[in-house]
Amino acid sequence: MLEKNVDFAVYTKHNPTKDGYFGTYGGAYIPPQLEAEFARISQAYETICKSSRFISELRRIRKEFQGRPTPTYHCERLSNMLGNCQIYLKREDLNHTGAHKLNHCMGEGLLAKYLGKKKLIAETGAGQHGVALATAAAFFGLECDIYMGEVDIAKQAPNVARMKLLGARVVPVSHGLKTLKEAVDAAFEAYMKEYEESMYCIGSVVGPHPFPMMVRDFQSVVGIEAREQFLEMTGNLPDAVVACVGGGSNAAGIFMAFLNDPVEIYGVEPLGVGTKRGEHAASLTYGKEGIMHGFKSIMLQNEEGEPDPVYSVASGLDYPSVGPEHAYLRDLGRVNYKTASDDEAIDAFFTLSKLEGIIPALESAHAIAYAMKLAKEMGTGSILVNCSGRGDKDLDYVLEKYGDRLK
Ligand SMILES: *Cc1c(COP(=O)(O)O)cnc(C)c1O
């Protein structure tokens with residue numbers, strides 16, 4: 001299973017390289033005027049974030065503000081329904097604000113504070129990243145500008161209200177299709193003008209170096225906790241670890257702790273409603289190598305290098321690329337990347353709610369759906385699934401479209 005040239009016991013020490021490469025993926029494709037600033041952030045990450053003062057401050061924040069450690073939970077009723085294989089959930093839905101995203105937003109916010117920045121900048125699509133970052137900004141007393149397409153603003157009224165309540169400025173983006181792609185451009189343009197006093201906070205293990213590494217490291221608390229909890233609960237390691245993959249931050253967070261263990265690892269991409277272009281967002285499954293948003297990875301794009309349209313019932317998963325480290329771990333053969341469709345995720349959403357009293361985010365439901373399939377195939381053993389978030393945000397949509405299942 002392990003690639004002969006890679007020693008996973010020391011893998012994170014050597015990956016990424018100093019220039020931010022995981023194999024041939026990653027790097028930093030940024031305008032020349034930002035190179036010095038990105039070098040400064042990289043340098044600060046190596047010195048500040050690894051200082052005992054930063055680490056102990058982040059540890060206190062995680063405990064007292066976020067409510068960490070989140071528990072690991074044995075799904076007995078779900079496991080019994082499927083057979084003998086035992087399913088466990090890492091409960092990131094119980095992290096403050098209801099998902100794993102706050103793990104890296106608090107890390108990025110704390111680094112911005114140490115760097116003397118006054119403002120956090122980001123774009124958001126469905127609003128989840130915007131809400132998590134606005135929460136971090138409120139905690140640290142920083143300003144926060146969130147760029148959001150006008151179409152998304154109209155669709156995501158509750159998240160827009162949350163961001164404003166948390167003190168963020170929601171900046172409407174009114175050109176092009178007025179959605180995430182335009183919001184990314186607008187946020188980056190604004191950042192270019194005010195990078196001296198602000199920090200651009202990327203919402204997953206994507207973007208130019210050092211963000212894929214920083215976000216991975218801030219999320220790795222998930223896997224470290226889960227591995228320890230699982231060992232304590234069962235005396236063993238799980239046979240398999242499963243997580244959904246949009247950009248790949250919750251997956252990277254739980255995978256890292258298990259890379260050097262005899263554990264099968266699965267990342268689950270959204271298959272949406274089909275395998276045709278525009279019907280899914282399964283970047284690693286159907287994409288090819290390219291450069292987008294400042295990094296090289298596997299992506300869904302047309303001949304001109306423009307991002308393909310993507311779709312998933314889970315808005316947190318509909319990204320046309322994937323973190324460069326996932327592309328590398330796939331090539332190494334260390335992580336298996338699979339898919340789950342909208343229908344499978346919706347089934348898992350209803351099943352977990354009813355059998356365990358846990359309403360998962362539709363994103364997380366993709367991982368649970370694949371784990372349910374895998375449990376039947378394995379017949380025995382154990383699977384640890386990252387439940388990346390709670391599903392309250394998805395209720396209105398699910399009830400409108402699938403409400404007749406409740407009758
Ligand atoms: C945003 C989000 C995801 C997808 O992001 P990753 O970077 O792939 O983890 C998954 N689950 C939830 C609950 C989210 O909010």
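On a predicted model such as this, the values are computed, not experimentally measured, just so you know. We count ligands from 1, going down the list as the structure has it; atoms in each ligand are counted the same way.
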Ala361 neighbourhood, listing ligand 1 atoms whose heavy-atom distance to it stays under 4.0 Å | 13 (C)
Can you label the angle between the Phe65 ring and the Phe139 ring as parallel, tilted or perpendicular, going by 30° and 60°?
-> tilted
Using distance alone, determine whether Ala99 and ligand 1 share an N or O pair under 3.5 Å.
-> no
Chi angles and distances behind the side-chain hydrogen bond (donor to acceptor under 3.5 Å, both in side chains) call for Glu363, Asn250 | CA-CA 10 Å; Glu363 291 81 3; Asn250 87 88; over 6 Å; no
Residue Gly389 vicinity, atoms of ligand 1 by number, heavy atom under 4.0 Å = 13 (C)
Ligand 1 N/O within reach of Gly203 N/O, cut-off under 3.5 Å = no
Geometric class of the His104/His100 ring pair [parallel <30°, tilted 30-60°, perpendicular >60°] | perpendicular
Which of the ligand 1 atoms, numbered from 1, are nearer than 4.0 Å to a heavy atom of Lys101 | 1 (C), 2 (C), 3 (C), 14 (C), 15 (O)
Could you tell me whether the side chain of Ser198 and the main chain of Lys119 form a donor-acceptor pair under 3.5 Å?
-> no
When distances are taken from atom 4 (C) of ligand 1, the protein heavy atom at minimum range is Gly316 O, 3.3 Å
side-chain hydrogen bond (donor to acceptor under 3.5 Å, both in side chains) assessment of Ser249 paired with Lys101 | CA-CA 8 Å; Ser249 65; Lys101 283 198 174 69; over 6 Å; no
Main-chain N/O of Leu177 paired with Glu182 side-chain donor or acceptor, under 3.5 Å | yes
Among Ser249, Ala132, Gly253, which residue places a heavy atom closest to atom 6 (P) of ligand 1?
-> Ser249
Side chain Thr124, main chain Ala126, donor-acceptor under 3.5 Å | no
Evaluate side-chain contact (heavy atoms from CB on, under 4.5 Å) for Val385 paired with Tyr88, printing each intermediate quantity in order.
-> CA-CA 6 Å; Val385 187; Tyr88 292 75; over 6 Å; no
Carboxylate-amine/guanidinium proximity below 4.0 Å for Asp394 and Lys401 = no
With a cut-off of 4.0 Å, which atoms of ligand 1 are near a heavy atom of Ser204?
-> 6 (P), 7 (O)
Is there any N or O on Glu363 that sits under 3.5 Å from an N or O of ligand 1?
-> no
Per-residue contact class, Ser388 against ligand 1 - non-hydrogen pairs under 4.0 Å = both
By number and element, which atoms of ligand 1 are closer than 4.0 Å to a non-hydrogen atom of Cys244?
-> 10 (C)
When you look for heavy atoms under 4.0 Å from ligand 1, do you find them on the side chain of His100, its backbone, both, or neither?
-> side chain
Close N or O approach (Ser364, ligand 1; < 3.5 Å) | no
Taking only heavy atoms of Gly246 into account, list the atoms of ligand 1 that are under 4.0 Å away from them.
-> 8 (O)
